[in-house]
Structures are given as structure tokens and as C-alpha cells.
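Predicted model, so just to flag it, every value in this text is computed and none were measured. For reference, positions follow the sequence shown, starting with 1.
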Amino acid sequence: MTEVITAKPPSIQMTDNALTHVLALRAKQDKDLCLRVGVRQGGCSGMSYVMDFEDPSQIRADDEICDYSGFKLVCDRKSMLYVYGLVLDYSDAMIGGGFQFTNPNAAQSCGCGKSFAV
């Protein structure tokens, strides 16, 4: 009998649109950077999403790393409790465009979609 090995989906998923936009933003930085995603207290619903580029040397041993063909999305362990299964998308629509977070752990989200409560 052959063993079937299935690939585990990344803990945080990025749509093709989000990845394309993030890679374009990173190219403007002219550095090899990773994207750190997390949460912090604040926002109209209690917790808000944070994202920023950082040097890969800042990745900690307990960080969750999602690899997208060599590009790394990184999240700290505490934030991962709130964003596991998150889908990061990007839209260039005139109204409501930008990065969009679809979080299966959110019990409620604010109207702007940038903060949530669990």
C-alpha cells in the first residue's frame, strides 16, 4: 500500500492578488524582506491587524512561517491564536480597495474590516 502525503495548507493564506501586490511593494524596498502579520489590542472591535515588512534575520524560532515560492509570511505564536486560517486578499477597487482580511476566528468585525473581536 502506498502512503498518500497531503500538503498542509498554510496557516495564513494569501490570494494571488495579495501576493502579487506584496511582492510589488517589496520590490520598491529593494531589499529581501519578509512580511510579518499579527494582531494588537485596539481598533473599533477590540483587536486590529498589523502588517509590515521586516528583515528575515528578525524571524524568531517560535514564529509560524508560511512560504509562498520563496517569499515568507511570518506570524508570532500569540497572534496566530487569533488569525489561524486567515485569508489575506487585495483589491484595487476605488471604494473598499486595499488589503482585506477574512478571519474565520472573528466573532465580529468592524465596517472597515481592519479590526475584529473573538
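Checked by atom type and distance alone, the side chain of Y90 never pairs as donor or acceptor with a backbone atom of L19 at under 3.5 Å.
Annotation for F99 and H21: closest pair CZ-CD2, 3.5 Å, computed over non-hydrogen atoms. Heavy-atom minimum distance, L73 versus M14: CD1-SD, 3.4 Å. Residues P104 and G85 come closest through the heavy atom pair CD-O, 3.5 Å.
When side chains are defined from C-beta on, D55 does not count as touching D32, because their heavy atoms never get closer than 4.5 Å. V87 has its side chain within reach of T15: a pair of non-hydrogen atoms, C-beta onward, lies under 4.5 Å apart. For the pair V22/F71, a side-chain contact is recorded, criterion being any heavy-atom separation below 4.5 Å from C-beta on. Looking at D89 and T102, their side chains never come closer than 4.5 Å, going by heavy atoms from C-beta outward. A 4.5 Å side-chain heavy-atom check between C34 and I59 finds at least one atom pair inside the cut-off. Looking at M80 and I12, their side chains come closer than 4.5 Å, going by heavy atoms from C-beta outward. A heavy-atom distance below 4.5 Å is found between the side chains of V83 and V39. Residues S48 and R40 form a side-chain contact, since some pair of their non-hydrogen atoms from C-beta on lies under 4.5 Å apart.
By the rule that hydrophobic residues join a cluster once side-chain heavy atoms approach within less than 4.5 Å of another member, L81 and F101 end up as members of one cluster. Note on Y84: it clusters hydrophobically with L35, by side-chain heavy-atom contacts below 4.5 Å among ILVMFWY residues. Under a hydrophobic clustering in which Ile, Leu, Val, Met, Phe, Trp and Tyr are joined whenever their side-chain heavy atoms come within less than 4.5 Å, directly or via other members, L25 and L33 fall into the same cluster.
Within 6.0 Å of CG in D30 there are 12 or fewer heavy atoms belonging to other residues, nucleotides or ligands.
One side chain, N103 or Y49, offers a donor N or O that lies under 3.5 Å from an acceptor on the other. Defined by atom type and a distance below 3.5 Å, a donor-acceptor pair is present between the side-chain atoms of D76 and S79.
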**Message:** Evaluate Q100 against L88 for side-chain contact (heavy atoms from CB on, under 4.5 Å), listing each step before the verdict.
**Reply:** CA-CA 6 Å; Q100 297 159 349; L88 179 61; over 6 Å; no

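Taking CG of L23 as the reference point, atom NZ of K28 lies at 12.5 Å (rounded to 0.5 Å). Once rounded to the nearest 0.5 Å, the distance linking NZ of K78 with CG of D62 reads 12.5 Å.
For the pairing with E54, the salt bridge (Lys or Arg N to Asp or Glu O under 4.0 Å) check across R26, R60, K31, R36 returns one residue only, R36.
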